Colleague: 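Let me begin by handing over the structure; questions about it come next.
Not measured: the values here are computed from a predicted model. Chain letters run A, B, ... following the sequence lines, proteins first, then strands; residues in each count from 1.
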Amino acid sequence: MRWGTGETLVKFADDYSFEPWLAESWNIADDNLTWTFVLKDGVKFSNGEDMTASKVVASIEKIYKDTDPANGGTGNPQGFFTYSSLSADDEANTVTIVTTKPTPDLPGCMAYPWMMITNVDESRNLATEGPIATGPYVIESMRADADIKLVKNEFYWDGEVPFETVSILKVQEPSTRSMSLQDGSADMAMSISAADRETLANLGDYNISSVSGSRVGYAHVNLDGVLSNDTLRHAITMAIDGKTIADITTNGSYTYGYAVIPSILDFDYDKLSFKYHFDEAKATKLLDDAGIVDTDGDGIRELDGKNIVLDYKVTASRQMNTVAEAQATQLQKIGIGVNVSITETQADVLINGDFDLAASNEVTTPTGDPSQFLNHWYSKSNTNYISYTNPEYDGIYEKLIIEFDLEKRKEYIVELQQLLLDDSVALVYGYYNYNLCSTSAIEGAYCPTSDFYWVTKDVKPTK
Amino acid sequence: MKIVNFAKENREFVIFSIFALIILLVAIFAPALATHDPYEAVLNDSLQSPGREHLLGTDVLGRDLFSRILYGTSTTVSSSLILVGIIFVVGTALGMLAGYFGGVMDMIIMRISDIMISFPDLILAIAIAGILGSSLGNAIIAITVVSWTKYARLARSLVIKIMQSDYISAARLTGSKTPHILKKYLFPNILPTLIVTAATDIGSIMLQLASLSFLGFGAQPPTPEWGFMLSEGREFLQRAPWLLIFPGLAIFIVVMVFNLLGDSLRDVLDPDTNRINKKCRKKVIENEFKKDCKGIRRNSASNWGIKWMWK
């Protein structure tokens, strides 16, 4: 969908409110379970067929069927809603979804790229041909992990499609991406490293669009280990100069903040109070006062007779390894040893609980709402990797997931984050700034906060 | 006087020995030579260009690159020497056993070594290091596992050749025991060739270690290791090229010095080649030597085992 081949019923605006896209409007009945989506007229799939309500229903059903673990699928991403019935009214052009549980963020779920509406055709090989969908471009060919070729969708419903063909190349190396912009082999590139953005900016002539999205970089703090000690956790939080690391070490790739939910999002960041601002002297004193001192003179403090050496696992993506190393050097200063090791993927590390600190970089509001993200600290959740149990947190969390009132939800979310801050159980790096750079040959390319829309009908050749 | 004569006769060897010695001294005295603590990160001094305060600039965490490269010398040189030492001892011992005893032992050792060389070595090393987990120690183990075979095969073929000599038969006849023959007759005779091989290998072993570290299977942060430093600097190719240029240059210089040292050591330890080469050079051309010169040219640099058999 990022490549402009498919669209969803609902679209995220930059402030994470919802805009109609393939749906004209939607509403919810008084039972808090029945949602009705009114579809737009005149939307066509790339094979020229009309997008009817029954096709939308077929598309949603297929998504659920394909991802059902019972059919060998990977399951519902982010623990999406489940439905008890799904019906189409082709006359009125509406789709009705009845959820099994009250799902306040259902429009957000419908905006998640997973919910892209396709014309279901079982004979099609999706891996090589791509789906038939409603976007401005159609996949002509694609190879996993290599390039994708797009051509214009002749039947596009929403105006003229600006390019005849679009080629998308997957380039792993950030500096290669930047250089391909410079030598003219690419017109648009994603995730240019901070250092290279500076180079591009100095050269001029490039459009650099950078936005603080809903992505947070942070380290899970494992309470099943030496970090079960409260004082130690607080001292660690205080020993790290997150702002300098974000501004200088990552060169602004992260915008510093201490809470897990990005400050730019409308979740009352300023109502949070943070007690553990960077203060190296205070961190040292805290440890000294608690009797966590270095008795054998090797420069590393001991706890229960053992040197404190933290096992910090991190992947090399999004500069997290650099952040982790910078943090390690700061912790070293207050006498806490850190072994930073770089892993290919964090999934196994997190599931096995084989870490003291483990970096993670996540979209906090995949559906426009952070409640799914916040279950990392809910004691009954299977994504609580750090053995955090706080009955107060659990109580508020259980209220949050069934609350429909937006103001109430915000209050709960603030309370939950406050508990996390007070317990120092997430070491936040900051909020990752997406960026999209383009040459002067094209216009209209910009980086949306939601990270879901890159190639759009608005990216056009410069006049 | 002897030393002077030796130095005159083996000028190249002496020069490269001095260079190698300088590298070793740098490795040993890195703490005294370094201008900064290589681990000390001054976050505000991120990516400073080379200048008076930081001779070779700083990396993204504000660590002094010059000091890190100096400390990297000891990481790289010591781990490469340890590595060559291990494969030398293990490979030679196994090869001698295989060659001397023959039969089942020869079968087992040589088939294992055949299996090892049927994989491209760096790829196999990556796989092994990947399974063991990333650390410098594991990278050393991985390279040992794939590299010992060369020494085993070489030692074996040398032993088999020497075993057919008259003096071994004579030693046997006079009642020498196996350990005595191995120690007094075999080992000293195969040693020069193996030492030359080991010396020429130091450079390529360094490159292998650096490659593993570059790929993230070797040294882990914050160890100053050249391969890993290259990998860290990759991201800053345009913004801070010194992060790639200087560690790359360090690898280039050290590998080159050890390679040339190995080559010149061969000239010293293998008097045959030495004499013939010199005579060829001086164009003392007798009919027989013409033939020899061709042979030398064909075989000298690359494959020692083959050369010995050819002789």
Colleague: Quick check on A/T322 against chain B: is it the side chain, the backbone, both or neither that has a heavy atom closer than 4.5 Å?
Modeller: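 Looking at A/T322, backbone and side chain both touch chain B.
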Colleague: Using non-hydrogen atoms and a 4.5 Å limit, figure out which bit of B/L237 sits close to chain A: side chain, backbone, both or neither.
Modeller: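 Side chain only.
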Colleague: Counting only heavy atoms not in A/F274, do more than 12 sit closer than 6.0 Å to its CZ atom?
Modeller: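 Correct, the count exceeds 12.
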Colleague: Which is it for B/Q238 and A/S178 under the side chain to side chain donor-acceptor pair (under 3.5 Å) test, yes or no, and what are the steps along the way?
Modeller: CA-CA 9 Å; B/Q238 293 194 60; A/S178 145; 3.3 Å; yes
Colleague: Counting only heavy atoms not in B/F19, do more than 12 sit closer than 6.0 Å to its CZ atom?
Modeller: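 Incorrect, the count does not exceed 12.
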Colleague: Tell me, side chain or backbone of B/F228 under 4.5 Å from chain A's heavy atoms, or both, or neither?
Modeller: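 Answer is side chain: those atoms of B/F228 sit under 4.5 Å from chain A.
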Colleague: Give the minimum heavy-atom separation between B/Q220 and A/S341, together with the two atoms involved.
Modeller: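 Taking every non-hydrogen atom into account, OE1-CA, 3.3 Å.
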Colleague: Residue by residue, which of residues 48-74 of chain B have a heavy atom closer than 4.5 Å to a heavy atom belonging to chain A?
Modeller: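 The stretch touches chain A at B/V60, B/L61, B/R63.
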Colleague: Between B/E40 and chain A, which part of the residue has a heavy atom less than 4.5 Å away: side chain, backbone, both or neither?
Modeller: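 For B/E40, neither part sits under 4.5 Å from chain A.
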Colleague: Chain B heavy atoms under 4.5 Å from A/E344: which part of the residue, side chain, backbone, both or neither?
Modeller: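 For A/E344, there is no contact with chain B at all, as no heavy atom is under 4.5 Å.
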Colleague: For chain B, which candidate among A/V340, A/T250, A/I245 shows the most heavy-atom pairs at distances under 4.5 Å?
Modeller: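 Heavy-atom pairs under 4.5 Å are most numerous for A/V340.
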Colleague: Distance check, rounded to the nearest 0.5 Å: B/S46 atom OG versus A/D247 atom CG?
Modeller: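 Here the interatomic distance stands at 11.5 Å.
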Colleague: Select all residues of residues 427-434 of chain A having any heavy atom within less than 4.5 Å of some heavy atom of chain B, and report them by number, or 'none'.
Modeller: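 Listed by number: none.
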Colleague: Does any backbone or side-chain atom of A/Q319 lie under 4.5 Å from a heavy atom of chain B? Answer side chain, backbone, both or neither.
Modeller: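 A/Q319 touches chain B through side-chain heavy atoms alone.
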Colleague: What's the spacing between A/S193 OG and B/F236 CZ if we round to 0.5 Å?
Modeller: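 Output value for this atom pair is 6.5 Å.
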Colleague: To the nearest 0.5 Å, what is the distance between CG on B/L43 and OG1 on A/T249?
Modeller: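 Rounded to the nearest 0.5 Å, the CG-OG1 separation comes out at 4.0 Å.
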Colleague: Any chance NZ of A/K333 has more than 12 other-residue heavy atoms, nucleotides or ligands included, within less than 6.0 Å?
Modeller: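 More than 12 heavy atoms, drawn from other residues, nucleotides or ligands, come within 6.0 Å of this atom.
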Colleague: Select one option (side chain, backbone, both, neither) describing which atoms of A/E325 are under 4.5 Å from chain B's heavy atoms.
Modeller: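 Both backbone and side chain.
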Colleague: Do you know which of A/D196, A/D241, A/N251 has the most heavy-atom pairs under 4.5 Å to chain B?
Modeller: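 Top option by heavy-atom pairs under 4.5 Å: A/D196.
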